[in-house]
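All ligand and atom numbering here is 1-based and tracks the order in the structure. If you're wondering where the values come from, they're calculated on a predicted model, not measured in any experiment.
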Amino acid sequence: MALESLEEIAAYIVEDGKGILAADESNPTCGKRFDSIGVESTEDNRRDYREMLFRSEGMKGNIGGVILFDETLRQKAEDGTPLVNIITAQGALPGIKVDKGLKPLDVSPEETVTQGLDGLNERCSEYEKIGAKFAKWRAVINIGLGIPTEDCINQNMEALAKYAKIVQENKMVPIVEPEVLMDGTHSIDQCLEVTSKTLNALFNYLEEHGVNIKGTLLKPSMVISGKDAMEKAGVAEVAEKTLKCLIANVPSDLPGITFLSGGQSDIDATAHLDAMNKIGGFDWKLSFSYGRALQQPALKTWLGKKENAEAAQAALSHRALMNKKAAQGKWDQSLEK
Ligand code: 5MM
C-alpha cells in the first residue's frame, strides 16, 4: 500500500464502504470490558484478545483502519509477528489514539477538556516511524442542566484543531472525534442543537489553524435521544436529523465521516448508518468507526478462551460486513439472521 499523501490515506480508509475498527481502549477501559466477561486485564490477555480480532477473516475488505492504544501498536503476536503487520496484511491501516484522556475544566468542573498536547509532536513523530498512518483524539461534550458551556465547546474544539495540525505535520491523517454523550434525559432536538454548535465550532477552529480538510476524517456521534429520555426517536428520525446537522456544518470536501457508536446496540448502530446512506445527498463517505458496536458480540463469545476464538472471529467478521453494507446503504435486517 504505497499511500503517499494525507488525501490518499484518508480516502483509502473509507473506500468501497470500508470503515474503522476502534480497538484503542485505554487499559482502564479495557479492564471494564474484560470485567464484563470475567477475564483479567493483563498485557498478555489484551494482546491475545486483540490478536484474535485482527486475524479475523472479515477484516479483509470491510475494515480500512484500526485504531490502537500505545501498548498495542508496540505489541507482538504470540508467534512474534508485530500486531501492526497483521493489521496491514488484512489490508487495513494502523492508527493510534494520541489523546491523554479527560480532565475537569477549570471554569466548569463538571465538564471536561481532553489533554495531550504536551509532547504531542515528538510522540507523533515516533508513532509515524512505527507505522501509524492516522491518529485519533476524542473530545467529550455532556448535555445537562446549563451544559455544555461555550467554554467547554471552545476549549475542546480548539484542542482538536491544534492536535490535527500537529498530526498532519507528522504525515498522518487526524481523526477528529467530538463525542456528544448519549448519557442523560435530553431529547433528540437538544442533541441536534448541541451537536450543531459543536461541529460549527470545530470546523471554524480547523480552518483557523490551517488544517487540511481533505486529509482529515471526522468521527462524530449521531444525533440521537438521550439514553434515559422519556421518548426515543426511531431510526428514520435519527438518520434525518443527523444528516441535517452534518450537511449544515461539515464542508463537502471532507473525505469521510466515520461515526462512533457511543453505547448504541450493535444493530441500532448499523441500522442508523444504513438509513443515512439510503437517504444520500452528500459528498463525503459516510461510514463507521465503532468500538463497542463492532466488538461486543465477539467479546461475549470469546470469554478469554482459545477454543472460542474462531466463533468470536466469526462474530466480528459478521458485524464488519454488516456495517460495510450499511455504509453502502445495502443493509437489511434479514441479513442479521
Ligand atoms: C474503543 O474506545 C475508545 C477509547 O476509549 P478510552 O480512551 O475511554 O479508553 C473510544 O475513544 C472509541 O474509539 C470511541 O468512543 C468509539 O467507540 P464506541 O464504543 O463509542 O463506538
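With a 6.0 Å cutoff to the six-membered ring centre and a 45° limit on the axis angle, Lys162 does not count as a cation-pi contact of Tyr205.
Backbone and side-chain nitrogen or oxygen atoms of Thr29 are examined, and one is located within less than 3.5 angstrom of a nitrogen or oxygen of ligand 1. Looking at ligand 1, you'll find an N or O of Lys97 within less than 3.5 Å of one of its N or O atoms. Where the criterion is an N or O separation shorter than 3.5 Å, residue side chain and backbone included, Lys219 meets it with respect to ligand 1. The N/O atoms of Gly291, backbone and side chain alike, include one that comes under 3.5 Å of an N/O atom in ligand 1. Taking only nitrogen or oxygen atoms, main chain and side chain alike, Leu260 does not reach within less than 3.5 Å of ligand 1.
Not a single heavy atom of Ile67 lies less than 4.0 angstrom from ligand 1. Using 4.0 Å as the threshold, Ala293 has no heavy atom nearer than that to any atom of ligand 1.
Contact annotation: the side chain of Pro220 never approaches that of Thr195 to less than 4.5 Å [non-hydrogen atoms, C-beta and beyond].
The distance from ligand 1 to the heavy atoms of Gly262 drops below 4.0 Å at these ligand atoms: 18 (P), 20 (O), 21 (O). Listed by number with element, the atoms of ligand 1 under 4.0 angstrom from any heavy atom of Tyr290 are 21 (O). Near Glu179, meaning under 4.0 Å from one of its heavy atoms, ligand 1 places the atoms 15 (O). Counting the atoms of ligand 1 from 1 in the order shown, those under 4.0 Å from a heavy atom of Ala22 are 1 (C), 13 (O). Atom numbering of ligand 1 starts at 1 in the shown order; those under 4.0 Å from a heavy atom of Glu25 are 1 (C), 2 (O), 4 (C), 9 (O). Less than 4.0 angstrom separates some heavy atom of Ser26 from each of these atoms of ligand 1: 6 (P), 7 (O), 9 (O). Residue-ligand proximity, Ser261 to ligand 1, at heavy-atom distances under 4.0 Å covers atoms 18 (P), 19 (O), 20 (O), 21 (O).
Nearest protein neighbour of atom 15 (O) of ligand 1, counting heavy atoms only, is Glu177 OE2, 3.2 Å.
Atom CD of Glu208 sits in a crowded spot, with more than 12 heavy atoms from other residues, nucleotides or ligands closer than 6.0 Å.
With a 4.0 Å heavy-atom cut-off, ligand 1 is reached by the side chain of Arg138 but not by its N, CA, C or O.
Which of Met182, Lys136, Arg33, Lys32 comes nearest to atom 12 (C) of ligand 1 through a heavy atom is settled by distance: it is Lys136.
Using cut-offs of 30° and 60° on the angle between ring planes, the pair Tyr49 and Trp302 is tilted.
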